[in-house]
Amino acid sequence: SNLTKITIPNSVTTIGNDEFNSGAFSYHNDNLTIYTTCDSTYIINYANSHSISVNVTHKFKISKIEASTSGTGGTITYTCQNCGETKTVGYKYIWDVSENGDNSVQAILTTEGTLIITGTGNMKNYSKTTTVPYEKELKEIKNVEIDEGVKNIGNYAFCDCIYLTSITIPDSVTNIGNNVFLRCSSLTSIEIPNSVTSIGNHAFRGCRDLMEITIPSNVTLIADYTFS
């Protein structure tokens with residue numbers, strides 16, 4: 001066999017006898033040891049000293065938000081869904097940005113300048129007169145991370161975030177609203193997931209540093225002046 005690499009998903013919990021018997025290497029349960037980290041997963045056969053490695057990347061998800069006892073800010077704990085590793089970052093502010101005002105979707109600004117949109121459901125659509133609750137902190141926002149479970153990016157969500165350079169959009173998002181990245185002049189790249197079906201008016205207008213963008217095949221609507 002010419003097989004030299006095997007990719008194993010995280011769902012696999014048992015590997016049977018002779019599953020990797022393919023000429024160049026042969027693995028058996030009684031000689032098999034698996035070490036799993038998010039740097040890589042090593043499957044080692046001590047009988048003949050051969051090994052294969054499977055790359056596994058961190059998949060951090062917010063597991064706890066804890067307010068400071070001083071009443072200002074607090075900490076966010078992330079837990080990796082693959083390996084269980086945790087990390088903690090500080091946050092300055094937290095706001096309700098849900099469509100229904102029920103805190104089902106929240107915006108959290110970390111001390112490092114990352115705006116996290118987390119929760120389940122739709123973001124509220126904002127306007128010129130009904131502005132985002134983090135309007136006074138727009139110049140502090142350098143990165144945006146939208147968590148899995150958020151279904152849309154509301155109108156004017158990141159308008160005038162002039163120091164925003166990157167954004168992560170999950171597969172749960174289906175709609176990018178109007179004026180979302182209007183005048184985000186430092187945004188250099190963006191990856192739109194295949195789940196997105198519509199992009200609103202003026203969504204990327206004034207993004208002067210944005211050099212390249214790929215529109216996924218599921219998008220059926222690109223509204224007026226999206227890239228002007």
Side-chain angles (χ1 to χ4, degrees), residues 58-67 73-81 87-128 130-184 186-204 207 210 213 216 219:
H58 282 299
K59 186 179 180 182
F60 283 109
K61 186 175 181 180
I62 294 175
S63 54
K64 183 169 65 173
I65 301 173
E66 191 170 14
T75 58
I76 304 168
T77 301
Y78 293 85
T79 301
C80 178
Q81 304 301 291
K87 67 176 183 178
T88 301
V89 299
Y91 75 85
K92 298 177 69 174
Y93 306 105
I94 185 167
W95 302 274
D96 178 11
V97 293
S98 62
E99 182 178 50
N100 299 321
D102 57 3
N103 277 301
S104 57
V105 181
Q106 295 178 315
I108 307 170
L109 181 62
T110 73
T111 54
E112 299 171 346
T114 296
L115 185 69
I116 303 165
I117 308 297
T118 186
T120 303
N122 289 322
M123 283 188 71
K124 182 177 179 177
N125 285 317
Y126 296 94
S127 66
K128 289 182 179 179
T130 306
T131 57
V132 293
Y134 41 88
E135 182 181 23
K136 293 181 179 179
E137 282 70 45
L138 293 180
K139 291 184 178 179
E140 294 187 38
I141 299 171
K142 300 174 183 177
N143 308 287
V144 170
E145 295 177 1
I146 302 175
D147 284 352
E148 189 75 31
V150 177
K151 296 181 179 180
N152 76 318
I153 305 178
N155 296 346
Y156 286 89
F158 313 118
C159 175
D160 290 321
C161 290
I162 60 174
Y163 297 114
L164 175 65
T165 59
S166 67
I167 180 167
T168 302
I169 304 174
D171 288 335
S172 57
V173 170
T174 60
N175 170 258
I176 296 175
N178 300 332
N179 304 288
V180 168
F181 301 104
L182 179 64
R183 295 186 293 271
C184 289
S186 299
L187 186 64
T188 57
S189 64
I190 185 170
E191 185 173 339
I192 300 176
N194 289 327
S195 56
V196 171
T197 59
S198 63
I199 302 174
N201 297 326
H202 305 275
F204 297 99
C207 295
L210 187 61
I213 187 168
V219 171

Considering only residues two or more places apart or on different chains, which pairs with a residue in residues 107-120 satisfy side-chain hydrogen bond (donor to acceptor under 3.5 Å, both in side chains)? T118-D147
Using the six-membered ring wherever Trp is involved, compare the ring planes of Y134 and W95 and label them parallel, tilted or perpendicular (cut-offs 30° and 60°). tilted
Please find the pair of heavy atoms, one from [X] and one from [Y], that lie closest to each other, and give the distance.
X: V173; Y: V150; value: CG2-O, 3.3 Å
X: P216; Y: P193; value: CG-O, 3.3 Å
X: D96; Y: D102; value: OD2-N, 3.5 Å
X: E66; Y: Y91; value: O-CE2, 3.7 Å
X: V180; Y: G154; value: CG2-O, 3.4 Å

Measuring only between side-chain heavy atoms, which start at C-beta, is [X] closer than 4.5 Å to [Y]?
X: I146; Y: M123; value: no
X: V97; Y: V132; value: no
X: I190; Y: F204; value: yes
X: V105; Y: N122; value: no
X: L115; Y: L109; value: yes
X: Y126; Y: T131; value: no

Side-chain ([X]) to main-chain ([Y]) donor-acceptor, under 3.5 angstrom:
X: T77; Y: T88; value: no
X: Q81; Y: T79; value: yes
X: N178; Y: N155; value: no
X: T197; Y: T174; value: yes

Between [atom1] on residue [X] and [atom2] on residue [Y], distance to nearest 0.5 Å:
X: I116; Y: Y78; atom1: CD1; atom2: OH; answer: 2.5 Å
X: S98; Y: Q106; atom1: OG; atom2: CD; answer: 8.0 Å
X: C80; Y: K61; atom1: SG; atom2: NZ; answer: 12.5 Å
X: S104; Y: E99; atom1: OG; atom2: CD; answer: 8.5 Å
X: I141; Y: L164; atom1: CD1; atom2: CG; answer: 7.5 Å
X: N125; Y: N179; atom1: CG; atom2: CG; answer: 10.5 Å

Taking the basic N atoms (NZ, or NE/NH1/NH2) and the acidic carboxylate oxygens, is any pair closer than 4.0 Å for K92 and E140?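 Yes, K92 and E140 are salt-bridged.
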Cut-off 3.5 Å, side chains only: do D171 and S195 have a donor facing an acceptor? no
Looking at E191, I'd like to know if its CD atom is crowded, meaning that more than 12 non-hydrogen atoms belonging to other residues, nucleotides or ligands lie closer than 6.0 Å. no
Atom OH of Y163: over 12 foreign heavy atoms under 6.0 Å: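 Atom OH in Y163 is not packed in, count stays at 12 or less.
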If we check side-chain contact (heavy atoms from CB on, under 4.5 Å) with I167, which of these qualifies: N143, I117, V144?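 Of the listed options, the one satisfying the test is V144.
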Working for side-chain contact (heavy atoms from CB on, under 4.5 Å), residues T130 and K124: CA-CA 10 Å; T130 306; K124 182 177 179 177; 4.0 Å; yes
